[in-house]
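Have a look at the structure below before the remarks.
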Amino acid sequence: MLRAAAWAQRSLSHSSSGFSARMQSSGAAQSGVLAKRVAVLTGSTDGIGFAIARRLAKDGAHVVISSRKQQNVDRAVAMLQEEGLSVAGTVCHVGKAEDRQRLVAKALEHSGGVDFLVCNAGVNPLVGSTLGASEQVWDKILNVNVKAPALLLSQLLPHMEKRGDAAVILVSSISAYFPLVELGAYNVSKTALLGLTRTLALELAPKNIRVNCLVPGVIKTDFSKVVRTGCPQPDMQIFFLSRIGQPEDCAGLVSFLCSADASYITGENIVVAGCSSRL
Ligand code: NAP
């Protein structure tokens, strides 16, 4: 963890020192720790996903952004291209097979392969208890949050394994460790992602594909409004750092986990919550 923090700090100062001038003068030139790599991100037109997309692109990757709404994809791609970053985008509702196929096709347009997959899209259609969730609510939460990352990865796998040293990042939640009663079925889906991380890490190790999991705490986005305004507020004393996180707080870790510096790290869940879930 200390190594990750030091790396993120070093890499951030590298990205900010003269980076934008270099990128703007050379259009979508790729330099940096992730240069010549291709990253695919789901749910990446806003919030945590967008911050990760920007960071991976600033660190040199060609980034393929996606989400459900065309206007959000267009806006996010335009914003990052204006910063001189190498990005493309397409609509992809992760729960729809044809959308996942379109995302794979878009990703292959750049150089015929994919190095990194960040599965960030997640939903929570119900604020309520686990036993109050209908079958439809369960299906939606499990389809989008748990099944879709595995299905998308299986579609991308042939294009990742031929690259060597590929990485997958799943996005869980601190609610997997500290469930909120109001987020019943969602908590369960995010706990399942911890299991999916370990299972996939084992399964894909022979192919040299690492699988790790980002575990955000309360991060200031539209998604977390319901927790920040509609649920009993956590006692901030339990957080070591007494503040809400920002989407950018999650981005450096994902870049590190994609990079060669993390080449011996797989099957890990790393909490970015201003506190520790470990003993
Ligand atoms: P956000 O700001 O609301 O952004 C969500 C993004 O996902 C948007 O780009 C949205 O765009 C897209 N999206 C939503 N449903 C989608 C679907 N079915 N398929 C594809 N894209 C979809 O959310 P966030 O707070 O950054 O959350 C991102 C991830 O972090 C989620 O997995 C969430 O569970 C996790 N997380 C968040 C927090 C937090 O405090 N914010 C804490 C722990 C974990 P469109 O509307 O265009 O689809």
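Each ligand, and each atom within it, is numbered from 1 in the order the structure gives.
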### Message
Can you confirm, on distance only, whether ligand 1 has an N/O atom lying under 3.5 Å from any N/O atom belonging to Ser66?
### Response
no
### Query
Quick one: NE2 on His93 to CD on Glu98, what's the gap to the nearest 0.5 Å?
10.0 Å
### Message
Check the orientation of Tyr186 and Phe223. Use parallel for under 30°, tilted for 30 to 60°, and perpendicular for over 60°.
### Response
tilted
### Message
Below 3.5 Å, N or O to N or O, backbone or side chain included: is there any such pair between Ser173 and ligand 1?
### Response
no
### Task
Might you check, step by step, whether the distance between atom 6 (C) of ligand 1 and some protein heavy atom is under 4.0 Å?
yes
### Heavy atom of the protein closest to atom 20 (C) of ligand 1 (residue, atom name, distance)
Cys92 O, 3.1 Å
#### Entry: Any donor-acceptor N/O pair, Ser175 side chain to Phe178 backbone, under 3.5 Å
no
### Message
Looking at Arg243 and Asp249, is there a salt bridge between them, counting it only when a charged N and a carboxylate O are closer than 4.0 Å?
### Response
yes
### Task
Specify the protein heavy atom at minimum distance from atom 40 (O) of ligand 1: its residue, its atom name, and the distance to 0.1 Å.
Ile219 N, 2.8 Å
#### Entry: Nearest-contact summary for atom 32 (O) of ligand 1 - protein heavy atom, Å
Asn120 O, 2.7 Å
### Message
Hydrophobic clustering (ILVMFWY, side-chain heavy atoms < 4.5 Å, transitive) - are Leu204 and Leu117 grouped together?
### Response
yes
#### Entry: Donor-acceptor pair between Asn72 and Ser67 side chains, under 3.5 angstrom
no
### Summary
atom 36 (N) of ligand 1 has as its nearest protein heavy atom Tyr186 OH, 3.8 Å
### Message
Quick test: of every protein heavy atom, which one is nearest to atom 12 (C) of ligand 1, and how far off is it to 0.1 Å?
### Response
Gly43 CA, 3.6 Å
### Summary
side chain to side chain contact (heavy atoms under 4.5 Å, CB included) with Leu156: of Leu108, Val168, Val104, only one passes, and it is Val104
### Task
Note the single closest protein heavy atom to atom 26 (O) of ligand 1, along with its residue, its atom name and the distance in Å.
Ile48 N, 2.8 Å
### Query
With a 4.0 Å heavy-atom cut-off (strictly under), which part of Lys190 contacts ligand 1: side chain, backbone, both or neither?
side chain
### Query
Does Pro216 reach ligand 1 with a nitrogen or oxygen that is under 3.5 Å from one of the ligand's nitrogen or oxygen atoms?
no
### Query
Can Glu268 and Arg278 be counted as an ion pair, charged N to O under 4.0 angstrom?
yes
#### Entry: atom 25 (O) of ligand 1 [closest protein heavy-atom partner, distance rounded to 0.1 Å]
Thr221 OG1, 2.5 Å
### Nearest option to atom 42 (C) of ligand 1, as decided by whichever heavy atom of Gly217, Ser224, Pro247 sits closest
Gly217
### Message
Below a 4.0 angstrom heavy-atom separation, can you tell me which part of Asn72, side chain or backbone, both or neither, approaches ligand 1?
### Response
side chain
#### Entry: Ser255 side chain to Asp59 side chain, donor-acceptor N/O pair below 3.5 angstrom
yes
